[in-house]
Amino acid sequence: MMTEMKNITLKRLNLENFKGRTMSFDFSGGRTVIRGTNEAGKSTLCNAFFWLLMGVDAQDRTNYELYDTTLDFTPENAIPAVVDGTFDIDGTEYSFKRVAKQKWVRPRGKSEYVKDKSDEYTFYIDGLAVSANVYKERVEALLAPIDKLKLMLNVRYYQTLDWKKLRKHFSDMVGIIDESELQGDYTSIKALLEKYGSVDAVKEKLRQEINPKKKASESLDAEIKGMKSMLPTLDGVEEAEVERDKKYSQIAQIDIKIMNLGEANKPFVEKRRKEEEAIRNRKIALDGERGVWEETQGERVFNITKQLADIDATNAKIRKEADRIENQRKSFKYQIEQAKQLAQFQSEELERLRKENADIKARIFDENQKCHVCGQLLPYDTIAEIKEKFYNKREADHKACVEKGIKTKENLAKQNELIDTLQSSLDALDKEMNELQPIMSRDALMNDLEEAKANIVPFEQSDIYATLTNEIADMEANLTVVPEVDSAELVAEKKRLNDEIVDLSIICGKRVERENGMKRIESKEKERSEVGIELARLEGLFDKCVEREREWASIVRDRANKHLHYSHVEMIELTKAGELVDVCTLTARKVGSGSQNNATQILIGVDLAQAFQTNAGLNLPIFIDNAEGIVDSNLPDTQSQLCLLYVDERFPSMVIEGSEEYHNRLDELARESTNRENELREQDAERERKRDEVLDALGL
């Protein structure tokens, strides 16, 4: 069942000093064609229509250049810019009027007025003054919300929209998508969707959790790397442990020999052995304390080293990003330079074609010219044929030159548009470069590191070292004295071995220090693993949101394309790198995206406007500026009122096709053409008369 459509027809549009122009036009209910030269005011008429209903121009600029920009305004000559229109809405007539006036103020203590930053605006509906809010509410109540009107009325508006906003418009058009229509399994994010209400909200929440996790993971990587760099090596430790055990065994053998020197000394020897064992244990404890002390002393060095690693990682990212931006900037600069050179070439070519066309139009057939072969005057009986060929050739050259000029002008416009686009991208990169975090300095931390290393106190200077070594010295001083036997050499050997064991124990202490460090590293690696698992979970949920969003976008695309006839909308695009990216692009169904010219873009906008109008149950007026490149067969069948604006050099000022003024101008042009032809015939007759006189005089 077809929905009953609401018909809105523009009957009349009046401009008073709008952008310096004053004019009025009456419009027919179906199609109105307006013709005029460049700068005749066609675009101004479009902008006036858009400003009247929406307060913006064709490029979606609010209250943009409403006055004559060629004048220097003062409080005395500031003339209001006025646009009013009469509409028929389902048989009822409505009038809308919007007025803008420059506001002038006199600063305190000054005698002269200055222009205020803002202008004054007044609004009228059916002749009654209303507020801006009431005016907007009334327009939206009778027609549609302003943001939707922009798509329904302005065939260029879609090109100004960010892809996300354009996608939102399509989503609104196709209506609610039921969860049952989605084929993917999204149970993992169901609770989040219920909690936060939308995929965008869930993605934002996940980003807030993912970013700290990523930073934590990177920080743990740097910390673990720093801890590993601080681990002591075990070079020579195993050999020292073997050598120490060997010396302990040698001491045990010496003790046995000493004991065997006299059985009577056995009790003394046993007591001394225990005392010496206690001394050895104390020395082992001394080695353990050495490891703990050195670890504590090196903690500040370790922390500073970790901070340096974090700074290096951050600086590496900043440099990488800066390199990326700079490479893109160089690419854009190169493209801009190439585009400018091509634009310059096309501009010069256009100027050359203008001169060539002027030369072609200036060609006049000279009946008195001589044959380029024999040098004689052209035969009288072939002059007419040669003359016809001459003018046919001139007309063909003229058409070919004009066609080349049109094509060159279009290419020049494309190049200028490309230059503007590239410059905008370059400006965005400059802004991005300016917003980059500056490279962090390592100098202060390096000074702190050197200071920390310089402030490390050797274990030998510590109180615990002094205490333990004093205890060991006391224990050694108070060793039980074994009655003297002939064991001087054995005792001396044993002392030498003990001294060597002390030196070896210092090396063996590295194992304890390394084992303690490895335990701390294992703890950090476990923490990193837990962070990684949680990060993978969050990223998995985020990917699932993207998957759901893309399936939803595919459904929106399929539904939206059913509303479109000339154009096609796409929501996902495959990049050259093979990555899927979210987009919202419109292309003509029968024209490749790289081949879309101005006419194709306009027809896409018309198709889009028609789709949104039909979906809203409206038939609204559609203005199409620069319509000369559009073929009627491509225009959609529509009940909407169309106003087509053509560039036509035959009409110095704008006229409506079919109007009395239009026909008068055509008649005037026809008369001028007839007069010109008569003049040419008279000139031909005069030349023939003179030729006959010459021939008679020569007796020929």
So does [X] pair up with [Y], basic N to acidic O under 4.0 Å?
{"X": "Arg207", "Y": "Glu539", "answer": "no"}
{"X": "Arg557", "Y": "Glu570", "answer": "yes"}
{"X": "Asp172", "Y": "Lys168", "answer": "yes"}
{"X": "Glu547", "Y": "Arg550", "answer": "no"}
{"X": "Lys136", "Y": "Glu140", "answer": "yes"}
{"X": "Glu321", "Y": "Arg324", "answer": "yes"}
{"X": "Glu337", "Y": "Lys340", "answer": "no"}
{"X": "Lys101", "Y": "Glu120", "answer": "no"}
{"X": "Lys97", "Y": "Asp84", "answer": "no"}
{"X": "Lys404", "Y": "Glu349", "answer": "no"}

Before we go on, tell me: are the rings of [X] and [Y] under 6.0 Å apart, centre to centre?
{"X": "Phe612", "Y": "Phe170", "answer": "yes"}
{"X": "Tyr64", "Y": "Trp51", "answer": "no"}
{"X": "Phe87", "Y": "Tyr94", "answer": "no"}

Just checking, any donor-acceptor pair under 3.5 angstrom between side chains of [X] and [Y]?
{"X": "Glu351", "Y": "Ser347", "result": "no"}
{"X": "Glu573", "Y": "Thr585", "result": "no"}
{"X": "Tyr157", "Y": "Gln59", "result": "no"}
{"X": "Asp60", "Y": "Thr160", "result": "no"}
{"X": "Gln601", "Y": "Asn597", "result": "no"}
{"X": "Asn626", "Y": "Tyr646", "result": "no"}
{"X": "Asn14", "Y": "Arg12", "result": "yes"}
{"X": "Asp68", "Y": "Thr70", "result": "yes"}

Specify the closest pair of heavy atoms between [X] and [Y], including all atoms of both residues, with the distance to one decimal.
{"X": "Gly175", "Y": "Arg559", "result": "O-NH1, 4.2 Å"}
{"X": "Leu192", "Y": "Val202", "result": "O-CG2, 3.5 Å"}
{"X": "Thr600", "Y": "Ala588", "result": "CG2-CB, 3.6 Å"}
{"X": "Ile572", "Y": "Ser554", "result": "CD1-OG, 4.0 Å"}

Using a 4.5 Å cut-off on heavy atoms from C-beta on, say whether the side chain of Phe18 contacts that of Leu66. yes
Minimum side-chain heavy-atom gap Lys164-Cys584 below 4.5 Å: no
Can you tell me how far the CD atom of Glu649 sits from the CG atom of Asn38, to the nearest 0.5 Å? 5.5 Å
From the options Ile630, Leu603, Val33, select the one residue that forms a side-chain contact (heavy atoms from CB on, under 4.5 Å) with Ile624. Ile630
Answer yes or no on whether Arg98 is positioned over the face of Phe123, meaning its NZ or CZ is under 6.0 Å from the six-membered ring centre and within 45° of the axis. no
Dump the intermediate steps for ring pair (Phe, Tyr, Trp, His ring centres under 6.0 Å) on Phe651 and Tyr662, then the final yes or no. CA-CA 8 Å; Phe651 302 95; Tyr662 172 80; 5.3 Å; yes
